[in-house]
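Heads up, the thing below is written out as C-alpha cells.
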Amino acid sequence: MNQHVTPRLNRRAFVIGTAALGGGFALGLDIPFGGPQMARAADGAPEVNAWVVIRPDDTVVIRIARSEMGQGTWTGLAQLVAEELACDWSKVTTEYPTPGQNVARKRVWGDFSTGGSRGIRASQDYVRKGGAAARMMLIQAAANEWKVPVSECAAANSIISHTPSKRTTTFGKVAEAAAKLSPPADVKLKDPKDWTLIGKGVKRLDTADKVTGAMTYGIDIKLPGMLNAAIKDCPVTGGKLKSYDEAKIAGMKGVRKVVAVDGTAVAVIADTWWHAKTALDALPIVWDEGPNAKVSSASIAKWLAEGLDSGPAYVGNENGQVKAALAGAVKKVEAVYNYPYQNHANMEPMNATALYTADKCEVWCGTQNGEAAFAAVLEATGLPADKCEVHKIMLGTGFGRRGQTDYVRQAVLIAKQMPGTPIKLLWSREEDMTHGRYHPITQCKLTGGFDADDNLTALHIRISGQSILYSLRPDALVNGKDPATFAGFNASGDAMIGYSVPNMLIEHSMRNPHIIPGFWRGVNVNQNAIYLECFMDELANAVGQDPLEFRRKLMKDHPKHLAVLEAVADKIGWGTEAPQGVYRGLAQLHSYGSYVAAAAEISVTDGTKIKVHRIVASTDPGYIVNPAQVERQIAGSFVYGLSGLFYGGCTVKDGRIEQTNFDSYNSMRINEMPKVESILMPSGGFWGGVGEPTISVAAPAVLNAYFAATGKRIRSVPLRDQNISFA
C-alpha cells in the first residue's frame, strides 16, 4: 500500500501509549476518513478512505482492523461498512490493514483489539461513518462529472444515479476521482429502520476459503529460506533456565542452532519443525523451578478457602446493611461454590514467524490484538516503529489466548539470534497446554437471608481468588480492585446484576497464585453466572418457591433481564409438564452489554449420566447485524460452556499444570451436543456483545436441571471430578 510519510515514532512512546490505552482506544478519538492526498492499495486501486478501496471492476475492498477467529467479525464489520456505503454485497471482499500502517497513519483504523465481544459494538459507529463518508465522496465525484447538484444523485448496489436525467455510473468508474476529494465534515448515519443489509443473515465472507483449505493461518506461513523453531519454557511459571547440554544433539539431522530465550526457555532451530522438536525432546535441560514448584491444587484451594471468611476484600456492589439484615433474618441459606483453571485449548497452537535484521523486523502471526503484538516486537527488538511491522494472519481460534503476546516476543528473540533468516516458531501441543493464560480460579461463598414472609432481604456474595488484571493489566486496577471480577454483579454498566435485593454486598478477596490467568471466552461471567443462578435456585428451593416465580419477584426493576428469561421459559414450556424423565433448569445474566437467558432440558441415568436434550437461548444485544451469525455464536458458545462444565478444569502439581494434551483435557463431541433453539430479541437503542454472553448461562441452566432431576446440588466444576459425565 502506498502510505503517507511514516512518522519517526519512538519505540518507548508507542509501547507506553498502547499500554495506557489498555486494548481499547480512547473514546472520542478523531477517526479521519481520508483526505485530498490520495492513497492507493497494493494493487494500485484508489483508496476512497481508510476503510474502502474500490477497484475499476467495482470490487469493494473493506478494511477490517479487528481479528477474525471464527466469530464472524470479518463479515459483520463488512456489513456495517457496506450498509452505509450502499455497495453491491456480492462485490465485497476484505483485508487486514497492519498495525504498523495504523501507527503511521495516526491510528486511522482505531482499535485493533478483538476481545470482550467488542469487535462490532466498540467500532460500529466509526466504521459505519467510514462507509457513509466513502458513499458521499463517490456520489460527489459523480455529481462533479455530470455537473449536477449532489442532492439530485443517489447510490444503491454500487451504482450512482442522477434522478432527473436517469444517467448512471458505477463506483469503480468514479473511485479515482472520489479518492481525490476531501472527506465530508458532517457524516450522518442511516436510521436503523432504513437498514437493508444490517440485520440480514448474509453468507460469511471467509467460509469458502476455510472449507476448501485455501485459508492461510499463522501455522501455514512459508517464506523463502525459512527455518523452524520448537521451544520449551520452564514448566513452572517463575522458574528459570539453568543449563542445557547442546553437545548431546550436535549431530542430529536438520539442526541449525540451539538458543536460550529470555532466561526461561530454550529453543532448537532446524530445517523442519519436526527436526526441531525431535532434537528439543532429546536435549538435556536443567531448570531452576524456584519456590513455586511446591504449589499444588490443594494448596491453592486451601489459600482461597481462607479468603472466603477472612482478610481484606474489595467491594464491587453494595446497598443497604447486609450484615445487620442477615443477623436479623428468620431464615438463612449458605453455599460455597468453586470454579477451576481452564485452558483455551486453541486448535492452532501458538506460533509466529519473524524476520529480523539489524534495522528491520517483520512478524507474521495470528493475533487478537495487532497493536499489542506490534508493541511486543518493538520492545523485543529495540527498533523504532517505522522499522517494524506485524502482518495479521487468520487465527486458528483465539478465545482470548491470542490477546497475549508471549509467543510473538519469543519468536522475535529467537530470530534476533539468526539475523536475516526467517524463523517460524511453533509451540508443541504440550507447550501450548502448559504455558497458557488460564481462566482464573475462584471460590465463592453466598449467603441469603429471608424475612418471615419468605422474602429475600439480604444477599452476601464473597469471591476469593484470582484477578486477571492484576497479572495482565495492573494499570487497569481501580485503587487495587479488579472491576472485571464483578462481571454480572455490577449495579450498572454492561454487566449488571438482574435482581433487586434490599441489602446486598458483593466483594472480592483477591488472592493470586503463580499460575498466570487470562481472558478465557466469557471470562468472569462464566463462574459468576453459576454462583448467582444456581444459588438463586437454592434460595427458591429453601422457601418452596418455583425458580421462575422466585426470580420474577426480584426482577421487577429489571425488565430487560426479565424479558429474556421469560422468553426461554415460555419456549421450553416452563410450568407445563415435561416429557417423562426430562427435567428443566433456568439461568439468566447480563454481560458484555447484552441480556441473555437459557433454559435446559436434561435426563439423568444412574445419577451420573446426563443427556442434555435441548437448550433454549434468548439474547437481546440491542442491535443484531447478522442473525445467522448470532445463532451460530450461541450454539458455539454452548459447546465451549458445556465442555468447560463437563470436561474442563486444569490441576496443579509440583507448580505446573498437569493437563498437557487432549488426552487429559477433553472437549465435548458432536453426539453430546444438545439441540439449540435461539430466540433473538433485539430491542434497539444499544450495542451489546454476542460471542461471549450466552456461554455463561449454559452451565447453570444444566446444573439447575440436574438438581431438579436428582435433588443433588453440584457446586464444584468440572463434573468429571464428581464422576458425572455425558450419557
Side-chain angles (χ1 to χ4, degrees), residues 1-2 31-35 38-66 68 72-98 101 108-110 119-120 123-124 126-143 145 153-161 168-181 183-184 187 189-190 194-209 392 394 625-626 629:
M1 187 186 302
N2 180 19
I31 305 291
F33 298 120
M38 185 177 67
R40 293 186 181 275
D43 62 0
E47 177 186 289
V48 181
N49 61 27
W51 303 97
V52 177
V53 172
I54 298 181
R55 297 173 182 153
D57 65 356
D58 291 329
T59 297
V60 176
V61 181
I62 295 177
R63 303 241 178 77
I64 305 296
R66 309 284 178 154
E68 175 61 57
T73 288
W74 259 12
T75 303
L77 287 174
Q79 279 182 259
L80 291 173
V81 175
E83 174 69 65
E84 297 291 345
L85 181 60
C87 66
D88 183 341
W89 179 253
S90 69
K91 300 182 184 299
V92 168
T93 186
T94 57
E95 69 177 18
Y96 285 137
T98 69
Q101 293 164 356
V108 64
W109 289 285
I120 284 178
S123 56
Q124 54 80 24
Y126 62 81
V127 301
R128 286 191 292 145
K129 285 180 178 176
R135 182 195 73 245
M136 294 169 71
M137 293 164 72
L138 290 162
I139 293 174
Q140 182 68 62
E145 181 180 318
C153 302
N157 292 317
S158 294
I159 295 174
I160 302 166
S161 58
T168 63
T169 189
T170 67
F171 281 6
K173 291 177 181 177
V174 298
E176 188 86 18
K180 297 174 183 177
L181 299 175
V187 180
L189 296 175
K190 288 184 179 180
D194 298 323
W195 288 342
T196 59
L197 190 59
I198 298 175
K200 298 293 188 295
V202 299
K203 293 181 180 179
R204 286 178 58 146
L205 298 174
D206 55 337
T207 301
D209 282 351
K392 290 173 58 180
M394 181 66 68
V625 177
N626 189 316
Q629 286 189 175

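From a predicted model like this one, the values you see are computed outputs, not experimental measurements.
In terms of heavy atoms, I139 sits closest to C153 at CG2-CB, 3.6 Å. Here the closest non-hydrogen pair linking V202 and N626 is O-ND2, 3.1 Å. M137 and A178 make their closest contact through CE-O, 3.4 Å (heavy atoms, listed as atom of the first residue, atom of the second, distance). Taking both residues in full, the closest heavy atoms of V53 and A41 are given as CG1-CB, 3.8 Å, listed atom of the first, atom of the second, then distance. In terms of heavy atoms, R66 sits closest to Y126 at NH2-OH, 3.4 Å. Shown here for S123 and L77, the closest heavy-atom pair between the two residues is OG-CD2, 3.6 Å.
Listed for the N157 side chain is no donor-acceptor partner under 3.5 Å among the backbone atoms of I159. Distance alone, capped at 3.5 Å, is enough to place a donor-acceptor pair between the Q79 side chain and the K200 backbone. In this structure, the side chain of T169 does not engage the main chain of I160 through any donor-acceptor pair within 3.5 Å.
Aromatic ring orientation, W109 versus W51: perpendicular (interplanar angle above 60°, classes split at 30° and 60°).
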**Message:** Between I120 and T73, does the side chain to side chain contact (heavy atoms under 4.5 Å, CB included) criterion hold? Intermediate values first, please.
**Reply:** CA-CA 7 Å; I120 284 178; T73 288; 5.5 Å; no

**Message:** Apply side chain to side chain contact (heavy atoms under 4.5 Å, CB included) to residues W89 and L205 and explain how you reach the verdict.
**Reply:** CA-CA 10 Å; W89 179 253; L205 298 174; 3.8 Å; yes

**Message:** What verdict does the side chain to side chain contact (heavy atoms under 4.5 Å, CB included) test give for T94 and E68, after you've listed the backbone C-alpha separation in whole Å, the side-chain angles of each residue and the deciding distance to 0.1 Å?
**Reply:** CA-CA 11 Å; T94 57; E68 175 61 57; over 6 Å; no

**Asked** Should L138 and L85 be marked as a side chain to side chain contact (heavy atoms under 4.5 Å, CB included) after you check the CA-CA gap, both sets of side-chain angles, and the distance that decides it?
**Response** CA-CA 9 Å; L138 290 162; L85 181 60; 3.9 Å; yes

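Under a 4.0 Å N-O distance rule, the pair E84/K129 does not qualify as a salt bridge. Using a cut-off of 4.0 Å between Lys/Arg side-chain N and Asp/Glu carboxylate O, R55 and D57 are scored as not salt-bridged. A salt bridge is absent between R40 and E47; no separation between the charged side-chain nitrogens and carboxylate oxygens falls under 4.0 Å.
Summarising the geometry, atom CD belonging to Q629 is positioned 12.5 Å from atom CH2 belonging to W74; distances are rounded to the nearest 0.5 Å. Taken from CD1 in I54 to NZ in K91, the straight-line distance is 11.5 Å, to the nearest 0.5 Å. The structure places CE of M394 at 5.0 Å from CG of D206, a figure rounded to the nearest 0.5 Å. With rounding to the nearest 0.5 Å, the separation of CZ in F171 from CZ in R135 is 8.5 Å. One distance of note links CG of L80 with OG1 of T75; it measures 11.0 Å at 0.5 Å rounding.
Considering only heavy atoms from C-beta on, W195 comes within 4.5 Å of K190 through its side chain. At least one side-chain heavy atom of E83 sits less than 4.5 Å from a side-chain heavy atom of T196. The shortest side-chain heavy-atom distance between Q101 and R63 does not fall under the 4.5 Å cut-off.
When only modelled atom types and interatomic distance are considered, D58 and T170 share a side-chain donor-acceptor pair under 3.5 Å.
Other residues, nucleotides and ligands contribute only 12 or fewer heavy atoms inside 6.0 Å of the NZ atom of K173.
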